[in-house]
There are 2 protein chains.
Amino acid sequence: MAEPDTRTRILEAARRLFHEQGYGATGVATILREAGVHPGSLYHFFKSKEELLAALLEHYPALFAPIVAGPIEAATRDPVARVFALLAFYRKGLEESGCRLGCPIGNLALEVSDNHPEVRPLLERNFAMWSGTVSGWLASARLRPGTDLDRLARFVLAVMEGAVMQARGAGSLAPFDAAVAELRRHFDLLQGKAGAARARKRKR
Amino acid sequence: MAEPDTRTRILEAARRLFHEQGYGATGVATILREAGVHPGSLYHFFKSKEELLAALLEHYPALFAPIVAGPIEAATRDPVARVFALLAFYRKGLEESGCRLGCPIGNLALEVSDNHPEVRPLLERNFAMWSGTVSGWLASARLRPGTDLDRLARFVLAVMEGAVMQARGAGSLAPFDAAVAELRRHFDLLQGKAGAARARKRKR
DNA sequence: GTCGGACTTGAATGATCGCTCAAGTCCGCG
DNA sequence: CGCGGACTTGAGCGATCATTCAAGTCCGAC
């Protein structure tokens with residue numbers, strides 16, 4: 001495994017640190033230390049800390065398909081099951097970090113959108129890609145007539161982000177699981193599985 | 001209108017600034033300027049910036065009932081309508097600020113929960129109070145049997161926070177409205193209003 | 001009247017912030 | 001070999017960060 005080049009090491013360190021501590025709370029000095037790089041190098045590739053963030057946000061959508069969506073699509077055929085596999089992915093991230101690490105985009109969205117308006121389009125592109133993927137999955141689901149798939153996908157994203165937020169605040173997975181369980185119910189109803197008891201029993 | 005006392009002016013300035021710019025991005029110097037106060041005074045009342053935040057988070061639950069929940073309860077009797085009036089309240093905040101100001105707790109939850117674990121219980125208390133209020137409202141709603149009200153309330157909170165987050169990222173109310181519309185559908189289904197078209201027509 | 005504690009004043013602290021830049025190394029190309 | 005551009009080195013910039021503290025004002029209690 002050859003040492004990755006400088007630019008990559010910087011991006012990787014920044015990605016990890018922004019995810020763990022947030023953008024504002026991460027000093028450039030920390031990124032430099034973690035990447036094993038000197039200030040001049042960083043500012044050779046990125047003309048500011050903010051542009052480093054922008055580069056990261058541009059990079060994210062390219063990672064989502066291979067790392068997150070792909071494995072789920074390979075392992076799961078049923079469209080609705082895919083959605084919940086996606087939520088399980090975020091749950092795993094929460095669990096493994098003691099409810100500290102959430103969605104890398106969502107974290108930044110609230111922190112950064114005000115003070116740095118120029119990254120807003122990048123945030124929206126990430127959200128759009130995420131919900132677009134979910135919407136694409138659901139196209140082949142048998143849902144009640146009149147279901148707006150884009151709307152439903154935005155809804156799933158909202159539930160996920162809100163659930164992650166509560167879990168991090170509480171330091172517990174309970175609120176996350178509660179929100180996901182209720183989302184499951186919504187899908188049950190959309191699929192016409194009215195009797196919750198029966199649907200619950202045959203747990204895939 | 002007498003000038004409020006120093007401690008109150010500090011809290012008020014901090015509340016506004018933390019809401020507008022976040023905790024980390026707000027310097028103590030800014031708080032001092034906005035409150036018209038000298039450093040010594042602030043540190044007389046609060047032994048650190050972090051304790052100032054804690055005091056704020058302790059104060060919030062006391063504001064929710066009179067300012068948010070109270071007026072809604074007075075204006076609206078129907079439990080489900082109350083929930084959507086609550087969501088409309090946050091929508092108004094987004095609209096009036098050009099999608100910049102979201103939920104004051106949610107903003108802080110993601111930013112602060114990692115680096116300052118001691119405020120986590122306070123965040124959770126705020127979330128619990130919010131969802132507790134919603135849960136209380138829904139107790140008198142006629143929903144499908146087997147509906148878990150606390151779970152449903154956590155779900156509503158997740159949708160709200162996630163919707164606000166997307167709206168701020170996008171700089172548009174569209175994702176917010178989409179998420180809320182889908183939540184409306186969930187409640188329609190929970191209330192047995194299967195025919196979406198009919199339910200949509202008699203718009204309250 | 002005077003004493004003491006609550007509160008204010010505001011200069012100053014060291015640390016850390018994001019960032020600059022002149023000098024130097026390295027390597028491919030002529 | 002020698003030139004030039006890509007990249008690295010690392011000291012150091014001014015600004016801002018949260019915080020401190022000695023001095024001073026104010027006011028109610030005795």
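A, B, ... follow the sequence lines: proteins, then strands. Residue 1 opens every chain.
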One thing to verify: whether Glu12(B) and Arg15(B) come together as a salt bridge, which I'm taking to mean a side-chain N less than 4.0 angstrom from a carboxylate O.
yes
Between dG18(C) atom C1' and Leu17(A) atom CG, what is the distance in whole Å?
16 Å
Between Glu20(A) and Arg16(A), does any NZ, NE, NH1 or NH2 come within less than 4.0 Å of an OD or OE carboxylate oxygen?
yes
Protein-nucleotide distance (Tyr43(A), atom OH; dG10(D), atom P), rounded to Å:
18 Å
Could you tell me how far apart Ile10(A) (CD1) and dC19(C) (C1') are, to the nearest whole angstrom?
14 Å
May I ask you to say whether Arg154(A) pairs ionically with Glu161(A), meaning some side-chain N is under 4.0 Å from a carboxylate O?
no
Close N or O pairs between protein and nucleotides 3-5 of chain C (under 3.5 Å):
none

Over-ring placement of Arg184(A) relative to Phe84(A), 6.0 Å and 45° cut-offs
yes
Does any part of the side chain of Leu149(B), heavy atoms only, come nearer than 4.5 Å to the side chain of Leu143(B), both counted from C-beta?
yes
Is the closest side-chain heavy-atom distance between Gln21(B) and Asp114(A) below 4.5 Å?
no
Touch class at under 4.0 angstrom, heavy-atom based, for Thr30(B) against every strand present:
nothing
Return the residues of residues 46-59 of chain B meeting this criterion: a heavy atom under 4.0 Å from some atom of DNA chain D. Order them by number, or give none.
Ser48(B), Lys49(B)
For a quick check, with a 4.0 angstrom heavy-atom cut-off, what is the B/S/- contact string for nucleotides 6-12 of chain C, read 5' to 3'?
-BBBBB-
What I'd like to find out is whether the side chain of Arg125(A) reaches to under 4.5 Å of the side chain of Tyr60(A), using heavy atoms alone.
no
Does Arg151(B) pair with Asp177(A) as a salt bridge, N-O distance under 4.0 Å?
no
Does any part of the side chain of Leu152(B), heavy atoms only, come nearer than 4.5 Å to the side chain of Val134(B), both counted from C-beta?
no
Should Arg185(A) and Phe155(B) count as side-chain neighbours, where that means a heavy-atom distance under 4.5 Å?
no
Specify the separation, in whole Å, of atom CG of Asp5(A) and atom P of dC26(C).
18 Å
Are Glu96(A) and Lys92(A) within salt-bridge range, i.e. N to O under 4.0 Å?
no
Gap between atoms CD1 and C1', on Ile31(B) and dT19(D) respectively (whole Å)
13 Å
Quick one: label Val28(B) by what it contacts on the DNA or RNA (base, sugar-phosphate, nothing), any heavy atom closer than 4.0 Å.
base
